[in-house]
Asker: 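To start, I am sharing the structure in question, which I have written as structure tokens.
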Amino acid sequence: MKWRNKGHEFDGLYTNMMRKERFYLFGAGDYGQLFFKIMKNEIEIISFIDNDPQKKSNSCITLEQLDQINEESQLDDKTGIILTMSQIARMSAVKQLNDRGYQKDIDFFVMEEFMSVYYVDKYDQVYMTSISFLPSTICNLKCRHCLNFNPFAKQFYVREWEDLVRDVDLFFESVDRLMIFHLSGGEPLLYQHTADLLGYIYEHYGDRIDRLRTVTNGTVVPEDKVLEKLCRYPIEVTVDDYLETVPQYSDQFKRLIEKLEQYKIRYVINKAESWIDLAPEKTDYSQESDEWLERHASECEQTWQELRDGKLYSCNYAAYAVVARVLDGQDHEETYDLKQCSPSNKKELIEFRLGYNDKGFTEFCKRCRGFNQKDAQMVIPALQVDAPFYDDK
């Protein structure tokens with residue numbers, strides 16, 4: 001989205017939010033449960049809505065389906081809906097709400113905007129729902145559709161400890177609270193500083209982070225000395241299950257789970273049905289107008305940004321493309337220099353984190369299909385570069 005009224009793009013949203021006296025949370029998964037935990041004492045939450053009737057709420061509130069609410073006419077002027085799900089899952093939910101005549105920012109709100117606007121307007125605090133931090137792209141897999149674009153890179157990208165600490169400290173000079181700090185990769189369990197970095201983040205800023213998380217592809221079993229460090233902190237490890245594609249790692253996957261349980265490290269197994277191929281080698285939107293690219297970026301619904309070199313990057317996948325040399329570089333309009341932050345531009349920082357910049361798109365948008373289901377190409381997760389070709393899903 002292109003800045004047109006910097007520092008005031010969300011003027012009026014807080015008023016619309018606070019006209020509501022109670023809310024449904026649409027999405028009872030991981031994001032929904034975490035949102036409920038954070039906001040249950042701030043707003044009145046009626047219940048969860050979820051399209052999966054089998055999903056269970058871990059919280060002390062009930063779970064309903066959207067049709068139940070419509071049939072019972074429970075959505076009035078004082079009742080709103082907050083979308084508490086990932087950007088991909090959110091696309092179909094938005095369509096459901098629009099089809100019923102509900103309007104964004106009037107009848108329903110998205111989680112990221114709701115929380116950031118709520119905290120800055122009510123408490124004068126910068127609250128962000130997430131940040132992605134990439135210390136290294138080192139990985140033992142060679143995935144054809146890697147979102148770090150490792151198949152395009154001539155060598156792995158590895159950052160020094162001092163640079164990582166400097167970025168973390170600078171980030172928390174400007175940000176008061178964070179929902180999810182996501183330490184990404186590559187394969188984080190192959191990076192020598194992962195355990196120490198998670199420890200540093202928790203010891204210095206753990207009281208300002210609602211969930212400190214890293215991820216693994218499930219094929220690496222770390223040494224006990226690494227696990228001994230990780231178990232000291234309340235971190236969460238997302239274990240990706242790619243065994244249908246790389247079954248040769250089944251023993252490692254099993255031993256990894258056993259080790260995490262042995263050391264009482266919290267973990268969640270993620271079995272993705274498909275990945276999205278951003279397809280930079282097949283895509284060329286370079287002849288499109290700036291207006292078209294701005295619309296393309298806005299429709300993408302990609303909600304992650306990267307922290308690197310003292311800056312936030314508009315789109316973490318655009319930043320990864322530069323690291324992998326898929327792109328030569330990024331324009332300064334696509335970044336936000338945290339060294340320039342001050343109490344007077346908190347709302348500007350939040351707007352950037354919520355998708356605004358001076359261009360309204362990134363250079364990578366000219367090479368990327370985006371996450372919108374209309375353009376996205378779904379592919380088999382973790383399909384290896386040297387594997388026989390399979391039809392895309």
Side-chain angles (χ1 to χ4, degrees), residues 1-13 16 83 86-99 101-114 116-117 128-129 132 147 149 276-306 311-322 324 326-337 340 345 347-378:
M1 295 175 286
K2 185 174 183 177
W3 258 318
R4 290 177 171 83
N5 193 14
K6 189 177 292 188
H8 300 279
E9 297 290 353
F10 292 104
D11 285 1
L13 180 57
N16 289 349
L83 294 174
S86 70
Q87 68 266 33
I88 296 176
R90 187 178 302 163
M91 296 174 193
S92 60
V94 169
K95 185 177 186 305
Q96 284 180 276
L97 295 171
N98 287 337
D99 288 346
Y102 300 146
Q103 301 179 63
K104 181 180 179 295
D105 297 340
I106 297 176
D107 303 302
F108 69 90
F109 310 89
V110 298
M111 174 181 66
E112 294 86 357
E113 293 177 1
F114 188 97
S116 289
V117 171
M128 294 185 184
T129 51
S132 177
L147 289 177
F149 311 109
I276 288 181
D277 179 15
L278 300 181
E281 79 282 13
K282 306 172 188 174
T283 305
D284 184 3
Y285 299 138
S286 60
Q287 301 306 311
E288 301 290 349
S289 66
D290 286 358
E291 290 76 14
W292 187 95
L293 290 166
E294 183 182 351
R295 185 169 61 254
H296 177 55
S298 180
E299 292 174 350
C300 174
E301 298 290 345
Q302 199 291 111
T303 61
W304 286 91
Q305 291 184 346
E306 188 191 354
K311 301 175 182 177
L312 297 183
Y313 288 76
S314 286
C315 169
N316 62 330
Y317 301 113
Y320 298 163
V322 173
V326 175
L327 292 180
D328 292 333
Q330 291 174 283
D331 294 340
H332 73 274
E333 294 96 337
E334 301 175 28
T335 66
Y336 194 94
D337 190 346
Q340 304 303 316
N345 58 14
K347 291 190 175 183
E348 180 183 305
L349 172 60
I350 287 171
E351 289 168 1
F352 183 88
R353 177 61 193 92
L354 293 173
Y356 282 90
N357 67 36
D358 286 321
K359 287 181 9 179
F361 57 91
T362 71
E363 285 302 299
F364 188 56
C365 292
K366 300 175 183 178
R367 301 276 303 277
C368 177
R369 286 180 176 164
F371 278 81
N372 190 297
Q373 289 177 335
K374 174 175 64 69
D375 299 315
Q377 182 175 354
M378 311 309 290

Asker: Would you call the rings of Tyr285 and His296 parallel, tilted or perpendicular if under 30° counts as parallel and over 60° as perpendicular?
Answerer: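 Perpendicular, since the angle between the ring planes exceeds 60°.
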Asker: List the steps and the verdict of side chain to side chain contact (heavy atoms under 4.5 Å, CB included) for Ser86 and Phe371.
Answerer: CA-CA 11 Å; Ser86 70; Phe371 278 81; over 6 Å; no
Asker: Taking C-beta and beyond as the side chain, do Lys6 and Asn345 meet within less than 4.5 Å on heavy atoms?
Answerer: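 Of all side-chain heavy-atom pairs linking Asn345 with Lys6, none is under 4.5 Å.
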Asker: Do you know which two heavy atoms are closest between Phe352 and Thr335, and how far apart they sit?
Answerer: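 Closest approach of Phe352 to Thr335: CZ-C, 3.6 Å.
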Asker: Output the distance between atom CD1 (Ile276) and atom CD (Gln377), rounded to the nearest 0.5 Å.
Answerer: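 Between Ile276 CD1 and Gln377 CD, I get 10.5 Å after rounding to 0.5 Å.
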Asker: First locate atom OH of Tyr320, then atom SG of Cys315, and finally report the distance between them rounded to the nearest 0.5 Å.
Answerer: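 If we round to the nearest 0.5 Å, Tyr320:OH and Cys315:SG are 9.0 Å apart.
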Asker: Not counting sequence neighbours, which residues clear side chain to side chain donor-acceptor pair (under 3.5 Å) with Glu281? List them please.
Answerer: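 Per chain and number, Glu281 pairs via side chain to side chain donor-acceptor pair (under 3.5 Å) with no residue.
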Asker: Are any of the side-chain heavy atoms of Asn98 and Phe108 separated by less than 4.5 Å?
Answerer: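 Yes; the side chains approach each other to less than 4.5 Å.
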Asker: Apply side chain to side chain contact (heavy atoms under 4.5 Å, CB included) to Leu354 and Phe10, showing your working.
Answerer: CA-CA 10 Å; Leu354 293 173; Phe10 292 104; 3.6 Å; yes
Asker: Working to the nearest 0.5 angstrom, can you tell me the gap between Leu293 CG and Glu291 CD?
Answerer: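 Between atom CG of Leu293 and atom CD of Glu291 there are 9.0 Å.
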Asker: Is Lys2 paired with Asp290 through a side-chain N to carboxylate O contact shorter than 4.0 Å?
Answerer: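 Salt bridge flag = no for Lys2 with Asp290.
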Asker: How long is the straight-line distance from NZ of Lys311 back to CD of Glu306, given to the nearest 0.5 Å?
Answerer: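 It comes to 12.0 Å.
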Asker: Using the test side chain to side chain donor-acceptor pair (under 3.5 Å), find all partners of Trp304 that sit at least two apart in sequence or belong to another chain.
Answerer: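 Scan of Trp304 (side chain to side chain donor-acceptor pair (under 3.5 Å), adjacent residues dropped) gives none.
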Asker: Specify the closest pair of heavy atoms between Cys368 and Thr283, including all atoms of both residues, with the distance to one decimal.
Answerer: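 Scanning both residues, the minimum pair turns out to be N-CG2, 3.9 Å.
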Asker: Determine whether more than 12 heavy atoms belonging to other residues, nucleotides or ligands lie under 6.0 Å from atom CG of Asn5.
Answerer: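 Enclosed.
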Asker: Rounded to the nearest 0.5 Å, what separation is found between the CG atom of Leu278 and the SG atom of Cys300?
Answerer: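 The CG atom of Leu278 sits 7.5 Å away from the SG atom of Cys300.
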Asker: How close do Leu327 and Ala318 get, heavy atom to heavy atom, and via which atoms?
Answerer: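 Heavy atoms of Leu327 and Ala318 come nearest at CD1-O, 4.4 Å.
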Asker: Flag the pair Met128 / Gln305 as yes when at least one side-chain heavy-atom distance between them is below 4.5 Å, and no otherwise.
Answerer: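 Side chain of Met128 against side chain of Gln305, heavy atoms only: no contact under 4.5 Å found.
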Asker: Mind listing the closest non-hydrogen atom pair of Pro280 and Phe364 along with its distance?
Answerer: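 The pair with the smallest heavy-atom distance is CB-CE1, 3.9 Å.
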Asker: What class does the angle between the rings of Trp3 and Tyr356 fall in, given that below 30° is parallel, 30 to 60° is tilted and above 60° is perpendicular?
Answerer: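 Trp3 vs Tyr356 ring planes: parallel.
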Asker: Side chains of Glu351 and Met1: closer than 4.5 Å at any heavy-atom pair?
Answerer: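 With C-beta onward as the side chain, the pair stays apart.
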Asker: Taking the side chain as C-beta and beyond, is there a heavy-atom pair between Tyr336 and Glu348 under 4.5 Å?
Answerer: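 Yes; the side chains approach each other to less than 4.5 Å.
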Asker: What pair of heavy atoms forms the shortest contact from Ile106 to Phe109, and how long is it?
Answerer: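 Distance-wise, the nearest heavy atoms are O-CZ, 3.9 Å.
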Asker: Side-chain contact test, heavy atoms from C-beta onward, threshold under 4.5 Å: evaluate it for Val110 versus Thr303 and give yes or no.
Answerer: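 No, side chains not in contact.
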Asker: Going by heavy atoms in the side chains, are Asn316 and Gln302 under 4.5 Å from each other?
Answerer: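 They are in contact (side-chain heavy atoms under 4.5 Å apart), so the answer is yes.
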Asker: List the atom of Cys365, the atom of Ala297, and the distance in Å for their closest heavy-atom pair.
Answerer: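 Closest heavy-atom pair between Cys365 and Ala297: SG-CB, 3.8 Å.
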Asker: Given side chains that start at C-beta, do those of Lys104 and Val94 come closer than 4.5 Å, heavy atoms only?
Answerer: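 Sidechains of Val94 and Lys104: no contact.
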Asker: If the condition is side chain to side chain contact (heavy atoms under 4.5 Å, CB included), which residues does Asp331 pass it with, not counting sequence neighbours?
Answerer: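 Partners of Asp331 by the side chain to side chain contact (heavy atoms under 4.5 Å, CB included) criterion, ordered by chain and then number, come out as Glu333, Glu334, Lys359, Glu363.
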Asker: Atom CD of Glu113 and atom CD1 of Ile350: how far apart are they, to the nearest 0.5 Å?
Answerer: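 One finds 11.5 Å between CD of Glu113 and CD1 of Ile350.
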